[in-house]
Structures are given as C-alpha cells and as structure tokens.
J.: 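I have a structure here, written as structure tokens, and I will follow up with some questions on it.
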Amino acid sequence: MIKVVYPEARYFKEIVDALSKIVDEVAFQFQKDKLKITAMDISNIALIDIELPAEAFSEYNVEDPLNIGVSLSNLNKLFRKAKKGDRLNIEGDEEHVELTLVSATKRLYRFRNLDVKPPEISLASLEFKVDARLIAGGLKEAVKDVESVSEKIEFEATEEALIVRGKGTGTVEAKYQIGSPALVSLEVKERSKASYQVSYVSSVIGLSKISDTIAVRFSTDSPLQLEFSLGVGKILYLLAPAL
C-alpha cells in the first residue's frame, strides 16, 4: 500500500503529456526513497527516465516498493483540468490505484493496477563530449523554429558556442555564444555535430514549462540527452541520432 501527495499537479500533467507521446502505458515505480518512471518507445529511439525523490512530495508513505501500471490516456483525462495550485493524491496497492486532484473540489479517479514492465536500462555509463545548459524557453523557441522547416534538428558545438539549426524548406539557426543570456554554461571536450528527428525533440519540449533550464548533452553522431531540472527531481530524455 502506498499513499503520496504531490503539491503541484500541473507538473504531473506535463510529465504525463510527454510520456503519452512515446508510450501508451507506464509503470510508476514507488521506491522507499523516490518515485521512478522509465519508458521507451516501441521503436527503441527515445527513452524517458524520471526521478522524483521523497522530499519532492508533501507526503510520501511507501512501506514496501510497489509498481503501479497505468494507462496514459486515462491519466490525460484526469489532468485535463489541472490548474496551478492543484494537489495530486495517489493511493494504491497491488490491485488498484486512486488518483485525486484536490483544489476547491475533489476529482477522484480509480483505475486497475496494470501489469506494466519498465525497461531495464542503465544510463550511468553514457559519456558526452558536449554538456551545455540553456534557459528552457530559449531552446523551446529554437525547436519550434526548426520544426517549421525541417524533419531533423542539428546540434553543433564549438568551444565558443552551441548552435541549433534546421535545413529543409528553409534554413533556421539559433546560436548560443558564451556570454549569451540564454546560455547558462557550456563545456566542450571535443567539437561535435549530430542530427535527430525534430518530432521526437518536440514531443518533450513542453517540459520546459516546469523546468527553468535544460541541459543538452551529445557527441558527434551519438545519442542526445536532455535533462529537465525540477528543482527537487529530474527528467532525462535520451534520443538516438537520425540516420
């Protein structure tokens, strides 16, 4: 049996929206010290790994580890009317889960606990030649611009700048130089360039609504890692390079 309370339901709304764009069902892995959610799309191109430590919750009662499998289409219905300041209560056991949105009124949804197996993948061994941190809103606008002209988004890094571009029906480019207000930090061990399907990047860029900054990590023709910081907790998104 678990019972947890998350103080800002709209954060979960954005997380569920991002997850629903790559998978239909997901397992909430309630551990004694954190909630972990890992999901990989059916083509093995994209992976989301989410960790919310116990201190991110206003109440966190997990006596024994428990996986709760849920349908993301059902969760999207629950969060459709979630507003700033709404609280999310989650209670569950081996059979069922109850989610309650609490504001001026209470909206309770009860679902069956689905048998969903999370992917077993370790991200600890990944190494990147480029590690940049950007203001979230700036990267969101760059991704939207690229999406309007191309199916691929290219990231390039030099010692002085990170460049995000798209080439297709037109060409767009955003250049974040050291000293730019939008570029928080830039570490380049080796000049690098790689391209990715922009639709996959766009599917998670909405998480910029709940993250002040986004870390962008990559190497030449290697996977892209985006890290969204939630203050207490983080979301990692790993994407294979475009062919």
Side-chain angles (χ1 to χ4, degrees), residues 1-42 44-76 78-79 82 87-100 109 111-126 200 203-204 206-211 213-215 217 223-240:
M1 180 72 182
I2 61 100
K3 181 179 180 181
V4 304
V5 179
Y6 196 73
E8 192 57 76
R10 70 188 179 98
Y11 277 40
F12 258 89
K13 178 180 181 179
E14 298 302 334
I15 290 171
V16 167
D17 182 62
L19 286 166
S20 67
K21 290 173 180 174
I22 67 167
V23 291
D24 297 323
E25 298 175 343
V26 75
F28 286 5
Q29 303 168 69
F30 287 96
Q31 302 172 9
K32 289 190 175 183
D33 61 343
K34 64 186 173 184
L35 167 61
K36 186 174 176 63
I37 307 170
T38 306
M40 177 178 281
D41 79 314
I42 194 169
N44 294 336
I45 291 176
L47 173 77
I48 295 183
D49 186 71
I50 301 165
E51 285 192 7
L52 294 175
E55 54 265 34
F57 297 79
S58 54
E59 182 178 343
Y60 194 85
N61 296 318
V62 178
E63 295 180 1
D64 296 300
L66 177 66
N67 283 4
I68 290 180
V70 292
S71 160
L72 291 166
S73 63
N74 284 339
L75 291 192
N76 271 325
L78 167 66
F79 288 112
R87 189 172 75 246
L88 175 65
N89 296 353
I90 305 175
E91 296 185 47
D93 55 28
E94 297 286 351
E95 299 297 326
H96 296 92
V97 57
E98 288 185 359
L99 297 98
T100 307
Y109 290 74
F111 305 117
R112 185 167 58 87
N113 185 353
L114 304 177
D115 183 17
V116 180
K117 297 292 189 296
E120 297 181 2
I121 295 177
S122 173
L123 304 179
S125 61
L126 293 174
Y200 278 90
S203 68
V204 296
L207 292 169
S208 60
K209 296 177 184 176
I210 58 175
S211 177
T213 62
I214 302 174
R217 304 184 181 105
L224 170 72
Q225 186 185 85
L226 301 178
E227 179 181 339
F228 301 84
S229 175
L230 304 181
V232 181
K234 65 180 180 180
I235 301 172
L236 292 178
Y237 183 65
L238 194 67
L239 179 63

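We use all heavy atoms of the structure for the numbers below, so side chains are in, but hydrogens, waters and symmetry mates are not.
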J.: Among residues at least two apart in sequence or on other chains, which ones pass side-chain hydrogen bond (donor to acceptor under 3.5 Å, both in side chains) with Lys234?
T.: none
J.: Quick one: list whatever passes side-chain contact (heavy atoms from CB on, under 4.5 Å) with Asp41, sequence neighbours left out.
T.: Ile22, Ser43, Ile45, Ala46, Tyr200
J.: Name all residues meeting the side-chain contact (heavy atoms from CB on, under 4.5 Å) criterion together with Val5; count only those two or more places apart in sequence or in a different chain, and write none if there are none.
T.: Ser58, Glu59, Arg87, Asn89
J.: Can you name the ring pair (Phe, Tyr, Trp, His ring centres under 6.0 Å) partners of Phe57, sequence neighbours left out?
T.: Tyr6, Tyr60
J.: Arg112: what forms a salt bridge (Lys or Arg N to Asp or Glu O under 4.0 Å) with it, not counting sequence neighbours?
T.: none
J.: For Glu98, which residues count as a side-chain hydrogen bond (donor to acceptor under 3.5 Å, both in side chains) partner, sequence neighbours excluded?
T.: Arg110
J.: Which pairs, with at least one residue in residues 21-41 and sequence neighbours excluded, count as a ring-ring contact (aromatic ring centres under 6.0 Å, His included)?
T.: none
J.: Is the backbone of Ile2 close enough, under 3.5 Å, to the side chain of Asn61 for a donor and an acceptor to pair up by distance?
T.: no
J.: Salt bridge or not between Asp17 and Lys21? Use side-chain N to carboxylate O under 4.0 Å.
T.: yes
J.: Tell me whether the count of non-hydrogen atoms from other residues, nucleotides or ligands lying under 6.0 Å of CG in Asp24 goes above 12.
T.: no
J.: In chain order, what residues pass the side-chain contact (heavy atoms from CB on, under 4.5 Å) check against Ser208, with sequence neighbours excluded?
T.: Ala136, Lys140, Ile214
J.: For Asp64, check salt bridge (Lys or Arg N to Asp or Glu O under 4.0 Å) against everything at least two apart and list the hits.
T.: none
J.: Can you tell me which residue pairs pass the salt bridge (charged side-chain N to carboxylate O under 4.0 Å, His left out) test with a partner in residues 27-36, sequence neighbours excluded?
T.: Lys34-Glu51, Lys36-Asp49, Lys36-Glu51
J.: List in chain and number order the residues that pass side-chain contact (heavy atoms from CB on, under 4.5 Å) with Asn74, two or more places apart in sequence or in another chain; answer none if no residue qualifies.
T.: Ser71, Lys77, Phe111
J.: Who passes salt bridge (Lys or Arg N to Asp or Glu O under 4.0 Å) against Lys209, sequence neighbours left out?
T.: Glu14
J.: In Å, rounded to the nearest 0.5 Å, how long is the span from CG of Leu78 to CG of Leu88?
T.: 7.0 Å
